[in-house]
2 protein chains.
Amino acid sequence: MCAMARPRKPLLSRDRIVETAGALVDAEGLAALSTRRLAAELGVSGPSLYNHFRTKDEILDAVADAVSAKIDLSMFEEDDPRDWRTALHDWALSYRAALADHPQIVPVLAQGPGRRPAGLKVADAVFGAMVRAGWPPAQATHIGALMRYFVTGSALGSFARGFVDDETAYDPADYPHLGQAHRLAEHREKVDEGAFATGLRALLDGLGTQYERHAHVSGGAEA
Amino acid sequence: MCAMARPRKPLLSRDRIVETAGALVDAEGLAALSTRRLAAELGVSGPSLYNHFRTKDEILDAVADAVSAKIDLSMFEEDDPRDWRTALHDWALSYRAALADHPQIVPVLAQGPGRRPAGLKVADAVFGAMVRAGWPPAQATHIGALMRYFVTGSALGSFARGFVDDETAYDPADYPHLGQAHRLAEHREKVDEGAFATGLRALLDGLGTQYERHAHVSGGAEA
DNA sequence: ACCTGAACACCGTTCAAGT
DNA sequence: ACCTGAACACCGTTCAAGT
């Protein structure tokens, strides 16, 4: 009696799957996420997942999108007092922080927004705010994309890689200049932070220069 | 008779494995590269590969490094006449072109140079040239890293994703501003190119501003 | 509608065995 | 040294069957 098949209340939901999958990826990495392992974690059998997602990749996309959803976008709201430069700056920091909280999913997230709703919502918010600030639409699109390139590239190229700390594997003689610079590899985190800060500042300064040149000619309404 | 076991000449070599693996990834994508499939392509059995590489990941690293090796570094040579700004610009284009030629391996390459020799050689060349141009060593390190962030992030976020061209899957009503911008998704390639060009220019302009401020105070010898 | 076990066609890697 | 087949412990996904 009491055969287990379909309970009155569903055991699974998309939200519960995404949450558990995210926790598993955070704790043990992308490679640890198999449909069977995830199902076990959820107390069901492997194929059950396919009642809620069509493929494992869709689950991963949903996990990535949940991270995107945590990015602060308040600086792009119409009544926010921050100017476009400050908005981009603050957004970049929040963006990076969201990725830093979930470094293992970054490779999925960095593949572009694709059809992920939260990813698209981010792009939409940046675009709207830049157009309002006086940027031509084409440039506004570019700005959203290039900022994403930099932030995700930085995340992927630094804290998202596995911890390979026995970096002594290479012979310093092969890299004449790097000896000095890469002793800093001990403080790799500092290098990452510094490169990010320098790059972000350069990007914003450079965009500022471009803006002075021809963006404000259309005289967009600003706060 | 004629039992097949060990021929007088090895059937495999690291180079042949990397070459075949690269061709397979280029043609069918990362997911198509299994040790068994690769071995079949090479006319050997799966486990044979383990005589030449310790893991499948090491093979992928080698494939990625072969792409890094194609990046032009001539602009960073001591006797090259290009100034640091032009050098960075030309390098970024060559870097991006190398990735565009092998978009499928970009996710591996974007995880940072790790212990890949060609990747480290690139970092070394940039660092050396920037220091010679008058940048303080810490800043020179940052520049190499941040340029890599941007170029790999751009590659990964645009042409490296699978071709998902039925992007009509989302409802434009959910993204108030994006409707206009994303009709350009038909010309996605144009957006990618534009975002890259705008970002690269902003980066170089911004670094120029920083350079004027305090880099040249040390009065480095320039061509 | 939602879950099950069984099954299919795969994986990466190890290892004793061969030459 | 370099390759083999067999084996281990897995995969993602499909599907008929159960309620």
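Chain identifiers are assigned alphabetically (A, B, ...) following the order of the sequence lines, protein sequences preceding nucleic acid strands; residue numbering begins at 1 within each chain.
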Self-check item: Summary of protein contacts for nucleotides 8-16 of chain D, nucleotide by nucleotide, where a base hit scores B, a sugar-phosphate-only hit scores S (4.0 Å, heavy atoms)
Solution: ---BBBBB-
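Going from atom CG of A:Asn51 over to atom C1' of C:dC2 covers 5 Å, rounded to whole Å. For the pair A:Leu11 CG and C:dC3 P, the computed distance is 5 Å after rounding to whole Å. The separation between A:Ile17 atom CD1 and C:dC2 atom P is 11 Å, rounded to whole Å. Look at CZ on A:Arg16: it is 14 Å from P on C:dC2, rounded to the nearest Å. Rounded to whole angstrom, the span from the CZ atom of A:Arg14 across to the C1' atom of C:dA1 amounts to 16 Å.
Outside the 6.0 Å centre-distance limit, the rings of A:Tyr149 and B:Tyr149 are not counted as a close aromatic pair.
Shown here, D:dC3 forms no base pair; nothing in the strands shown gives a Watson-Crick or G-U wobble contact with both key distances under 3.5 Å. The partner of C:dC10 is absent, by the rule that a Watson-Crick or G-U pair needs both atom distances under 3.5 Å.
The two atoms that bring B:Val108 and B:Arg116 nearest to each other are O-NH1, 3.9 Å, heavy atoms only. Of all the heavy atoms in B:Pro117 and B:Asp65, the pair that sits closest is CD-OD2, 3.0 Å.
B:Ser74 and B:Asp72 share a donor-acceptor pair across their side chains, judged by distance under 3.5 Å alone.
In terms of phosphate contacts, B:His52 brings no side-chain nitrogen or oxygen within less than 4.0 Å of OP1 or OP2 of D:dA1. One finds no side-chain N or O of A:Ser48 lying less than 4.0 angstrom from the OP1 or OP2 phosphate oxygen of C:dC2.
A heavy atom lying under 4.0 Å from DNA chain C marks none of the residues of residues 18-25 of chain A.
Between A:Phe127 and B:His177, the ring planes lie tilted relative to each other; the angle falls in the 30° to 60° range.
A cation-pi arrangement is not found for A:Arg148 relative to A:Tyr95, the charged atom failing to lie both closer than 6.0 Å to the ring centre and inside a 45° cone about the ring normal.
A donor-acceptor pair under 3.5 Å links the side-chain atoms of A:Arg16 to the main chain of A:Leu11, judged by distance alone.
Residue A:Asp101 holds its CG atom at 11.5 Å from CZ of A:Arg96, rounded to the nearest 0.5 Å. For the atom pair A:Trp84 CH2 and A:Met75 CE, the distance stands at 15.0 Å (nearest 0.5 Å).
Nucleotides C:dC10 and D:dA9 have their P atoms positioned 22 Å apart, rounded to a whole Å.
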